[in-house]
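First the proteins, then the strands, lettered A, B, ... as listed; each starts at 1.
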There are 2 protein chains.
Amino acid sequence: MPLTLEDIARLSGVSRSTVSRVINADVNVSDETRRKVLEVINYYNFQPNLAARGLATGRTNVIGVVIPAGVSVIFTDPYFPQLLQGISSVCNTRNYSVMLWLAEPEYERRMITRILHNGLVDGVVVAKILINDPIIQSLIDSKMPFILIGRHPTVDVNYLDVDNFQAGRKATMHLVRLGYRRIATITGSQDQVVGYDRYQGYLKALQDTGHPIKPELVVEGDFTEEGGYTAMQRLLKYKPDAVFVASDMMAYGAMRALREARLRIPEDVAVMGFDDIPASAKTDPPLTTVRQPVYQMGSKAVDVLIDIIEAGPAAIRKVLMDTELVVRASCGASKME
Amino acid sequence: MPLTLEDIARLSGVSRSTVSRVINADVNVSDETRRKVLEVINYYNFQPNLAARGLATGRTNVIGVVIPAGVSVIFTDPYFPQLLQGISSVCNTRNYSVMLWLAEPEYERRMITRILHNGLVDGVVVAKILINDPIIQSLIDSKMPFILIGRHPTVDVNYLDVDNFQAGRKATMHLVRLGYRRIATITGSQDQVVGYDRYQGYLKALQDTGHPIKPELVVEGDFTEEGGYTAMQRLLKYKPDAVFVASDMMAYGAMRALREARLRIPEDVAVMGFDDIPASAKTDPPLTTVRQPVYQMGSKAVDVLIDIIEAGPAAIRKVLMDTELVVRASCGASKME
DNA sequence: TATGATTATGGGAGCGCTCTCAAAAGACAA
DNA sequence: TTGTCTTTTGAGAGCGCTCCCATAATCATA
């Protein structure tokens, strides 16, 4: 049977209250008493019961992490392990624990109420929510602090995301600087925020550098390899010399289409991807792409969430994070030199 | 403020005890009363506070999952996401929650005591523990129910693992049946249980089928690509016609060595891997290998653990799971036909 | 030395639940 | 009607902690 506060109190000849003060680093304890109590605590390796503390304080120092299962089956990408590492790391340093919920559809509704109302967690991180997921409204109604990973277009909630606009701009700028003149794009689905934002970044880069925007050089994809392939086929007749593809998966498809058309990468057409999934380092040629700071997104999200939990409700926090251009061979070297 | 049992009791005109009985499906409640109370509970979407319940019962219905960080940085493999899915799935159906700990080395000791003694979890699943990790002794001392994923050679604890011996045997048998005569093996480190077991399976298959065991056809590797490469180089002069490599990673190295030696796979040398990491479907040629039922390992481990938690201490449970041969092109078709 | 301010400690209530035990309410037979 | 047995309900204590308040001890100052 584990020891209790009362046991420690008895063993060190003080009251339960004093032991509690020592554990919670209250200043109103004499050095002598503190020393005595700590000795006993360390000797017995005492750990206060967190369920009891949770009951007394109304706070558990546990955060929930919700990952929709529909998303978490995507195993080709180290996204979730990295995200969890980031989350876990901050939780460790800030003395929180992580409750993980992989939300299977059939349990989803039951589960949500269980999470929200059972007093088990102080706040929730929701990863990669599907647009218009009912969970968001439940969360808002519950008054539980929460943060989304992936920005939400319509509802005013705390979120953290990659700055897809700047990233799209940065990627396109890279192509511009290398001297490409007919820069096409295969966008993501325009009804998804990420697809839209990356496309807007592409447009901005061209505008800023005085490049004309040619509608025929813009094709909408759907984030799949197949979609990238057909999109590239359609682009071919307009003879682009470079293409910014809004996801690595689509970029693979685009590269396949180029190979079939006997075009060399990057000599005939340069290819820029987005995501930097691991396989992109090993394509032929290795893919230049944009990397998201996944680990940092996890840690930052939790940091913000814990701030909200501990400081109480404040202004909505919207955090955008920078991406990193990963230059490999698929865009070639400068055409200027 | 969330409602309490007392609130529900008042609202439905019964006592706190009766509401508790209804929630816990106690039989000693009249149908009429039960109906009345359930109505109120559903109307207000009441959820009992789990911290309070935990305090009262000494059970939390939470299991801890510990993944050493040294291992979880391995991102090339969907191992952990799949394992977590399996774990999570059973937890959902059996009404448990998952507390996730990615053990960073610097926090490890602190964390372990926190997990074990703070009354937050009823049991622990420890994934891919390093051999002789001190965590095992701590777990044993703590009397907390726990199960290892990955069998432990020396200490007598609950574990669940893949049957590496049978798997090694099965893989080798496949090569035998295809008619290969000089079947070599690149083993894993022999000081790791998995490496040893797979090698023993190889030996058994050869014995059972009356093949002589040629020591020159056995080279010890270290589970790295580089190790597989050098091991294969050493094997070449003994002219094997097939090689069972104890991990896919090493198999990639072995294939590289074969390509450099201008040997065709599988015409000159067949290659059998182990693990079925995703990239193995896309090597040239695609790698025949052994797949571990990772998802099932997660779910089975939790199933066993919860049984132990709910039934109380019993005999040590040691579970071995079957593997699946994934036949692709790297071992060719039968030489007999 | 008495007084008040300050610091250190202990006692009690209460967080929301479960669980035991006793009492109340019915059911039934004599 | 009374008594016995069974079913249903309620009251109370307690899980291990925090937090408030009262009291005791210490110290500075008049």
Side-chain angles (χ1 to χ4, degrees), chain A residues 1-38 40-41 44-62 95 97 114 116-122 310, chain B residues 1-38 40-41 44-62 95 97 114 116-122 310:
Chain A
M1 224 56 226
L3 295 177
T4 71
L5 268 196
E6 206 82 48
D7 297 327
I8 301 296
R10 195 158 16 77
L11 288 164
S12 46
V14 298
S15 76
R16 176 172 38 83
S17 309
T18 301
V19 177
S20 174
R21 283 190 194 95
V22 170
I23 286 176
N24 294 292
D26 191 304
V27 286
N28 290 325
V29 180
S30 73
D31 292 350
E32 168 60 12
T33 308
R34 182 186 310 279
R35 197 193 49 69
K36 217 168 49 187
V37 174
L38 280 177
V40 176
I41 288 178
Y44 289 98
N45 200 9
F46 169 75
Q47 290 290 121
N49 180 304
L50 296 187
R53 174 181 284 172
L55 185 56
T57 61
R59 293 256 324 277
T60 58
N61 273 41
V62 173
N95 210 31
S97 296
R114 245 174 61 194
L116 297 181
H117 301 300
N118 63 12
L120 226 47
V121 300
D122 293 338
E310 298 189 343
Chain B
M1 224 56 227
L3 295 178
T4 70
L5 267 196
E6 205 83 47
D7 297 326
I8 301 296
R10 197 161 10 79
L11 288 163
S12 46
V14 298
S15 76
R16 177 172 35 86
S17 311
T18 301
V19 178
S20 174
R21 284 192 194 94
V22 170
I23 286 178
N24 295 291
D26 190 306
V27 286
N28 292 324
V29 180
S30 72
D31 292 349
E32 168 59 12
T33 309
R34 183 186 310 280
R35 198 195 47 70
K36 217 168 50 185
V37 173
L38 280 177
V40 177
I41 288 178
Y44 289 99
N45 200 8
F46 168 76
Q47 290 291 122
N49 180 304
L50 295 188
R53 175 180 285 172
L55 186 55
T57 60
R59 293 255 325 277
T60 58
N61 272 43
V62 173
N95 209 30
S97 296
R114 247 174 59 196
L116 298 181
H117 302 298
N118 62 13
L120 225 47
V121 301
D122 293 338
E310 298 189 343

Inset, instruction - Ignoring backbone atoms, establish whether B:Thr18 has a side-chain N or O less than 4.0 Å from OP1 or OP2 of D:dT8. - result: no
Inset, instruction - Ignoring backbone atoms, test whether B:Ser30 places a side-chain nitrogen or oxygen under 4.0 Å from the OP1 or OP2 oxygen of D:dT8. - result: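 Answer no for this pair, as no side-chain N or O of B:Ser30 is under 4.0 Å from OP1 or OP2.
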Inset, instruction - List the protein contact pattern of nucleotides 17-22 of chain C with one symbol per nucleotide (5' to 3'): B for base contact, S for sugar-phosphate-only contact, - for none; contact means a heavy-atom distance under 4.0 Å. - result: BBBB--
Legend entry - Beyond-backbone contact of B:Thr18 with B:Ser15, side-chain heavy atoms, under 4.5 angstrom: yes
Using whole Å, what does the distance between atom [atom2] of nucleotide [N] and atom [atom1] of [X] come to?
X: A:Leu55; N: D:dC19; atom1: CG; atom2: C1'; answer: 13 Å
X: A:Ile8; N: D:dC17; atom1: CD1; atom2: C1'; answer: 13 Å
X: A:Asp26; N: D:dC20; atom1: CG; atom2: P; answer: 11 Å
X: A:Asp7; N: D:dC15; atom1: CG; atom2: P; answer: 11 Å
X: B:Arg35; N: D:dT8; atom1: CZ; atom2: P; answer: 15 Å
X: A:Asn28; N: D:dT26; atom1: CG; atom2: C1'; answer: 14 Å
X: B:Lys36; N: D:dT8; atom1: NZ; atom2: P; answer: 13 Å

Check for a donor-acceptor pair, side chain of [X] on one end and backbone N or O of [Y] on the other, with a separation under 3.5 Å.
X: A:Asn24; Y: A:Asp26; result: no
X: A:Ser12; Y: A:Val14; result: no
X: B:Thr60; Y: B:Leu120; result: yes

Inset, instruction - Determine, step by step, whether B:Ile23 and B:Phe46 satisfy the side-chain contact (heavy atoms from CB on, under 4.5 Å) criterion, reporting the C-alpha distance in whole Å, the side-chain angles of both residues, the deciding distance to 0.1 Å, and the verdict. - result: CA-CA 10 Å; B:Ile23 286 178; B:Phe46 168 76; 3.4 Å; yes
Legend entry - Positive for side chain to side chain contact (heavy atoms under 4.5 Å, CB included) with B:Ile41, one of B:Leu5, B:Leu3, B:Ile8: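 Per the side chain to side chain contact (heavy atoms under 4.5 Å, CB included) rule, the option paired with B:Ile41 is B:Ile8, out of B:Leu5, B:Leu3, B:Ile8.
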